[in-house]
Amino acid sequence: MDFLLSSEELREQKVDALLVPVSRLKTGQTWDHVLLSTPVREFLHASEFEGKFQEVFLAPSGISSAPRLLVVGMVDAEPFDVRQFRLLGATIAKACRKHRIASLAISMTDLCPLGQSAKDVVGALVEGLLLGQYRFNQFKGTKSKEEVAKQIDVKSVTFIAANEAGIELKTAIEYAKSVALAACFARDLVNTPAGHMTPAKMAQAAHELADTSSRIRTRVYSEEEMRFMGMEAALSVGQGSTQRPVAIHLRYEPAQPTKRIALVGKAVTFDSGGLSIKPADGMMTMKMDMAGAAAVLGVFKALSEVGAPVAVDGIFIAVENMPSGNAYRPGDVVKAKNGMTIEVLNTDAEGRVTLADALSYAAELKPDVIIDLATLTGAAIIALGDDVAAVLSNQKSLTEALMKASQATQEELWELPLHKPYNELIKSKVADIKNVGGRPGGTITAALFLQPFVNGIPWAHLDIAGPAFVEKEAQPHLSYGGTGFGVRLLMRYLQGLS
Ligand code: BES
Ligand code: ZN
Ligand code: ZN
């Protein structure tokens, strides 16, 4: 999708359709847009169109160079919230696909009639358009691919604004485009079936990113190297699978970094539960158990294009959790890279066992901050549902910075406490720590399990089990499958550091 800027009037544009946003608040249902001719307005009134938020209506424009009007309802409540434009963008992308609109023009003064920040509005709109247009067709057969090829998607969107606004808008558009496409890249990784998205494939994805940017370097550690480094915990999780584990370290280095941030992702390419095997229903979406690492890769893709003022380390250990004659067993004790011993009482609580080594590795780099993303517990879904990720942190200001980025990006976070007394629940009789703490407070005990491995460094853990994957489509910018959750949030967080 191309984004263009123009200072010529809406009616001068040569496009398939012109966007006409209408708001009930402002007009009291009189639909007073200049492009709405009297007959069209009368027709709108006689129709069922109410101008509700995201409601769409297609009308003739009477202009031969731009024959159609795409009338959409804007939020009719105050105060004005930039976030509505992300949803609106996605709705527009879907409407364009349905009505075969390949080029669209939008006036910025129509969208921000009261002088709201045009760059924020355009950024949210561009993100929404790209996220809403996303689909995953790689695994469709030839017939369905032909059907898809016949569909028309928006190819170009022209924003109309005064010349002076141009540079600011252009920067906002480019940032939004990079970050949204990076989230789509993370979605692709998650949506690719586990039989294809193996640990080796994840390493390949990291290498390919490094190839595209001189600021990014990638190091991949083989199973033997991991053993040499003392990553017995993560290796034990992968030992039941024929897929060989790999540890991956990406590094983004800007010219004068002010800080160093480590991003750690859970990368279980398929979680069968292992010998503590999951029921069939619980396994159906477990190709998504590498969504944390996919988000880290997405962030690096965005960094390769728009950069950040800080250095970023991306770390993940990719393994497949399978049952077999060689699988790790309940009752096994394994040693993590930092020397701590872990009693494995449930092989399905494997994410924290792999993260023990990944976080130990990250902590040894002595970054200023560690943030991990993991589809870690079903309990996070019970606590916060499908839309909201849990954040647990040992530093209040870090939580606050992430909450702020969350608010701006619509990637919802809510804080749960690292409640110290629950450490009792993960005490082991035979090792330093055990990998299960019972059902109550399952997200909290999982985070408490991770805490010793960050070695006191400021750290936030994001349990993204809910929002990483959509099964029931409820919002226009999120379609079935991986969501890319975390990419936009973390990019926003990194941009805000200096
Ligand atoms: N990958 C799962 C968590 C999960 C569940 C993510 C549903 C997304 C959707 C994780 O490895 C797991 O199985 N956790 C167990 C932990 C339990 C055995 C302590 C869980 O949540 O049931
Ligand atoms: Zn599991
Ligand atoms: Zn898992």
Side-chain angles (χ1 to χ4, degrees), residues 190-191 194 197 199 202 233-234 236-241 243 245 264-295 316-323 327-332 342-358 372-390 392 416 422 425-426 428 433-450 461-472 480-483 485-486:
V190 172
N191 289 335
M197 192 44 61
M202 295 205 66
S236 73
V237 175
Q239 77 190 30
S241 169
Q243 299 294 333
V264 178
K266 172 172 171 180
V268 175
T269 58
F270 184 69
D271 183 12
S272 70
L275 289 176
S276 314
I277 197 161
K278 286 183 184 294
D281 282 356
M283 230 185 270
M284 285 197 287
T285 57
M286 279 304 130
K287 66 174 182 185
M288 60 95 121
D289 217 14
M290 35 59 79
F316 59 90
I317 298 179
V319 298
E320 189 178 47
N321 186 21
M322 290 296 224
Y328 77 144
R329 317 153 186 80
D332 277 357
I342 302 166
E343 183 185 15
V344 176
L345 287 175
N346 189 319
T347 63
D348 194 14
E350 83 298 336
R352 63 196 79 181
V353 182
T354 66
L355 287 170
D357 280 334
D372 79 75
L373 299 97
T375 46
L376 205 62
T377 65
I381 306 175
I382 302 300
L384 299 172
D386 290 333
D387 291 352
V388 184
L392 300 97
L416 293 180
Y422 293 173
L425 302 172
I426 48 173
S428 164
I433 199 168
K434 63 179 179 184
N435 80 331
V436 284
R439 274 166 63 88
T443 303
I444 298 174
T445 51
L448 286 170
F449 175 96
L450 301 177
H461 160 63
L462 308 185
D463 193 329
I464 61 169
F469 198 88
V470 164
E471 286 192 81
K472 285 190 221 93
Y480 175 86
T483 58
F485 186 96

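These values consider heavy atoms only, across backbone and side chains, with no hydrogens, waters or symmetry-generated copies. Each ligand, and each atom within it, is numbered from 1 in the order the structure gives. Note that the numbering runs from 1 along the sequence shown for the chain.
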Test item: Met283 and Phe270 side chains (from C-beta on) under 4.5 Å apart, heavy atoms: yes
Numbered atoms of ligand 1 (with element) below 4.0 Å of Thr375, judged on heavy atoms: 1 (N), 2 (C), 3 (C), 6 (C)
Part of Ile381 within contact of ligand 1 (heavy atoms, under 4.0 Å): side chain
Heavy-atom side-chain contact between Val264 and Phe316 under 4.5 Å: no
Nearest heavy-atom neighbours spanning Gly482 and Asn191: N-OD1, 2.7 Å
Contact partition for Asp271 relative to ligand 1, non-hydrogen atoms under 4.0 Å: side chain
Glu350 N/O under 3.5 Å from ligand 1 N/O: yes
Subset of ligand 1 atoms that lie under 4.0 Å from at least one heavy atom of Met288: 8 (C), 9 (C)
Which of the ligand 1 atoms, numbered from 1, are nearer than 4.0 Å to a heavy atom of Ala465: 6 (C), 8 (C)
Heavy-atom side-chain contact between Pro330 and Leu345 under 4.5 Å: no
Nearest-neighbour protein heavy atom for atom 16 (C) of ligand 1, which is reported as residue plus atom name and distance: Arg352 NH2, 3.8 Å
Audit row: Phe469, Thr483, side-chain contact (heavy atoms from CB on, under 4.5 Å) steps and yes/no: CA-CA 6 Å; Phe469 198 88; Thr483 58; 5.8 Å; no
Proximal heteroatom of Asp289 relative to the Zn ion (ligand 3) (N/O/S): OD2
Minimum side-chain heavy-atom gap Val470-Asp386 below 4.5 Å: no
Three-point angle Lys266:NZ, the Zn ion (ligand 3), Glu350:OE2, rounded to the nearest 10°: 90°
Contact atoms of ligand 1, heavy-atom distance to Asn346 under 4.0 Å: 18 (C)
Check: Leu462 and Asp372 side chains under 4.5 Å, non-hydrogen atoms: no
Close N or O approach (Asp289, ligand 1; < 3.5 Å): yes
Residue pair Leu376 / His461, side-chain heavy-atom distance below 4.5 Å: yes
Derivation and outcome, side-chain contact (heavy atoms from CB on, under 4.5 Å), residues Asp348 and Lys278: CA-CA 8 Å; Asp348 194 14; Lys278 286 183 184 294; 3.0 Å; yes
Ser428 and Ile433: CA distance, side-chain angles, deciding distance, side-chain contact (heavy atoms from CB on, under 4.5 Å) verdict: CA-CA 5 Å; Ser428 164; Ile433 199 168; 5.7 Å; no
Pairwise side-chain contact, Phe449 with Lys434, heavy-atom cut-off 4.5 Å (strictly under): no
Side chain to side chain, Val319 and Gln239, heavy atoms closer than 4.5 Å: no
Lys266 and ligand 1 - part of the residue with a heavy-atom distance under 4.0 Å: side chain
Asp271 atom (N/O/S) at minimal separation from the Zn ion (ligand 3): OD2
Heavy-atom nearest neighbour in the protein, as seen from atom 14 (N) of ligand 1, with distance rounded to 0.1 Å: Leu376 O, 3.5 Å
Contact (N/O only, under 3.5 Å) between Lys278 and ligand 1: yes
Salt bridge flag under 4.0 Å for residues Lys266 and Asp289: yes
Protein heavy atom at shortest distance from atom 7 (C) of ligand 1: Met286 CE, 3.6 Å
For Val436, the ligand 1 atoms whose distance to one of its heavy atoms is below 4.0 Å: 19 (C)
Heavy-atom nearest neighbour in the protein, as seen from atom 15 (C) of ligand 1, with distance rounded to 0.1 Å: Asp348 O, 4.0 Å
Any Arg439 heavy atom less than 4.0 Å to ligand 1: no
Nearest non-hydrogen protein atom, atom 20 (C) of ligand 1: Gly378 N, 3.9 Å
Protein contact to atom 17 (C) of ligand 1 [nearest heavy atom, distance to 0.1 Å]: Ala349 CB, 4.3 Å
